[in-house]
2 protein chains.
Amino acid sequence: MAKAVEKQATSGRGSTVQRIEAALTAEISAGALAPGERIDEVKLTERFGVSRTPVREALSRLVAQGILIPGEKRGVRVAEYSREQLAQIFEAMHEIEAACARVAAQRLTLLARVEIEAAQANCMAAAKAGDRPAYLAANEAFHLAIYKATGNPYMAEIASEFRNRTGAARAKKFSKPEDLLASAKSHEKLIALIFSEDSNAASDGMREHMARSFRETLAVN
Amino acid sequence: MAKAVEKQATSGRGSTVQRIEAALTAEISAGALAPGERIDEVKLTERFGVSRTPVREALSRLVAQGILIPGEKRGVRVAEYSREQLAQIFEAMHEIEAACARVAAQRLTLLARVEIEAAQANCMAAAKAGDRPAYLAANEAFHLAIYKATGNPYMAEIASEFRNRTGAARAKKFSKPEDLLASAKSHEKLIALIFSEDSNAASDGMREHMARSFRETLAVN
DNA sequence: GAACAGCATTCTGTATACAAACTAGATTGT
DNA sequence: ACAATCTAGTTTGTATACAGAATGCTGTTC
């Protein structure tokens, strides 16, 4: 029976799978599991204190989201991308991120402005402190705040899925404290564009932001 | 052990889950399972001649793709959308479909042209025959050919996922034979735009095509 | 020393079991 | 006659078992 390792108060059945899925998504996105690395089911059962069944269900969901890929013969491994594949993923990501920026600019509420500004303040604080883990989390929250500002959860969902898939590759470009500061500063222009009345400028600005992110990511992958 | 009901030649282990996933995706997308309908796991084991484990894994993957949603207490049900949610999904779909059309127009190869034309010929044939199931399949293949023409499998993937999620709602607008013919004819202008050298016109044309599809879908949902 | 073959161990896809939760129907009380 | 409660059956989340396939290690031969 479950050994309560990492076991939290849950709201009903089924949340075991969700908990494992969320934990693995965050780790893979943060680069804690290497691209191409094979996932050991038994190790995960020990770690989460559950049987293989909920672990396998969580892995299955990550396969459906492209975060894990089926092994050639059996099992699953962390998705890894060639340079060409990374370029293609970023191209798709560009499109949806630009659309998010445009729609967010069109629909910006006061609450959304405040949330984006708060998220950016967290980014700045983490960057100035040179706190890489905190910056990765704050950067994520910043982009999620922009997605949320679109008022469209489905656009937010696919943008988040792309962000999850590319998290490991993108995390590599934050290797020095000045990388964090440069990234946080690059948010300023983007925020200005989103807060402006020109939604097309916001969209273009996001494309430029993503193009720069792509160049930096490609340089370290 | 598996009773070979719907059992096909498979290439190794794991394909049981994929087979069930593909079959359920196609049925839900074609509207064979009603939105909101609860999925009975035991019935699926009988139908596919397997145990609950691969059925549950397939269901788990469909949950990750938003085609099924977790029930309030337990189990899963077919995703169903309010008018507002349908509008939001179509908005996200518009963005990615328009991007696909633009990129397809930019990168059109001779092979892609021929495949799109062949797919459209199938649409016309099915429409003229008043064959609704054949038209649904041909329409699907037509749009997949456009996605493929982008040369970007990740853009194709998310476009396909949106198409899967909205399949049931969109299928309802093909209730009369003249609906099929009108839809097939609306493809002609779209093809002309994609085949033109103006990728922005292709993008705009796809937005118009999707806007019309949305209006028709909303009228019957 | 290297390569190949065989054997053992490990891992995973799927089957089955178990327990808990949910639902439906029947019975009882007002 | 209607509403509430109880019971039984069904469904599902998770645990465990089993069998087959894959991988790794060891020994032998060239």
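Numbered from 1 within each chain, the chains take letters A, B, ... in sequence-line order. FYI, side chains are in, hydrogens and waters are out, and symmetry mates aren't considered; it's all heavy atoms of this structure.
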Between D/dT16 (P) and A/E46 (CD): distance, integer Å: 13 Å
B/E95/B/R207 salt bridge by N-O under 4.0 Å criterion: yes
Rounded interatomic separation in angstrom, taking CZ from A/R56 and C1' from C/dA15: 12 Å
To the nearest angstrom, the CZ-C1' distance between B/R38 and D/dG13 comes to 14 Å
Just the rounded figure in Å: distance from C1' of C/dC11 to CG of A/D40. 8 Å
Output the rounded distance in Å from CZ (B/R61) to C1' (C/dG13). 11 Å
Do the ring planes of A/Y154 and B/Y81 sit parallel (below 30°), tilted (30 to 60°) or perpendicular (above 60°)? perpendicular
Partners of A/R56 by side chain to side chain donor-acceptor pair (under 3.5 Å), sequence neighbours excluded? A/E41, B/E57
Closer than 4.0 Å, any side-chain N/O of A/T53 to the OP1 or OP2 of D/dT16? no
Phosphate oxygens OP1/OP2 of D/dT14: is one of them under 4.0 Å from a side-chain N or O of A/T16? yes
From D/dA15, C/dT14, D/dT12, nucleotide with atom closest to B/S51 side chain: C/dT14
A/I39 has an atom CD1; how far is it from atom P of C/dG13, in whole Å? 13 Å
Strictly distance-based, threshold 3.5 Å: is any side-chain N or O of B/T25 a donor or acceptor partner for the main-chain N or O of B/E21? yes
Contacts of A/Y135 that satisfy side chain to side chain donor-acceptor pair (under 3.5 Å) - sequence neighbours left out: A/S183
For A/E72 and C/dC11, give me the distance from atom CD to atom P, rounded to whole Å. 19 Å
Base D/dT11 to side chain B/R74, donor-acceptor N/O within 3.5 Å cut-off: yes
Closest to the A/E41 side chain, choosing from C/dT12, D/dA22, C/dA15: C/dT12
A/R52 has its side chain closest, among C/dA15, C/dT12, D/dT12, to C/dT12
From the set C/dT14, C/dC11, D/dT14, return the single nucleotide nearest to any side-chain atom of B/E57. C/dT14
Rounded off to whole Å, could you give me the CD-to-P distance for the A/E21 and D/dT14 pair? 13 Å
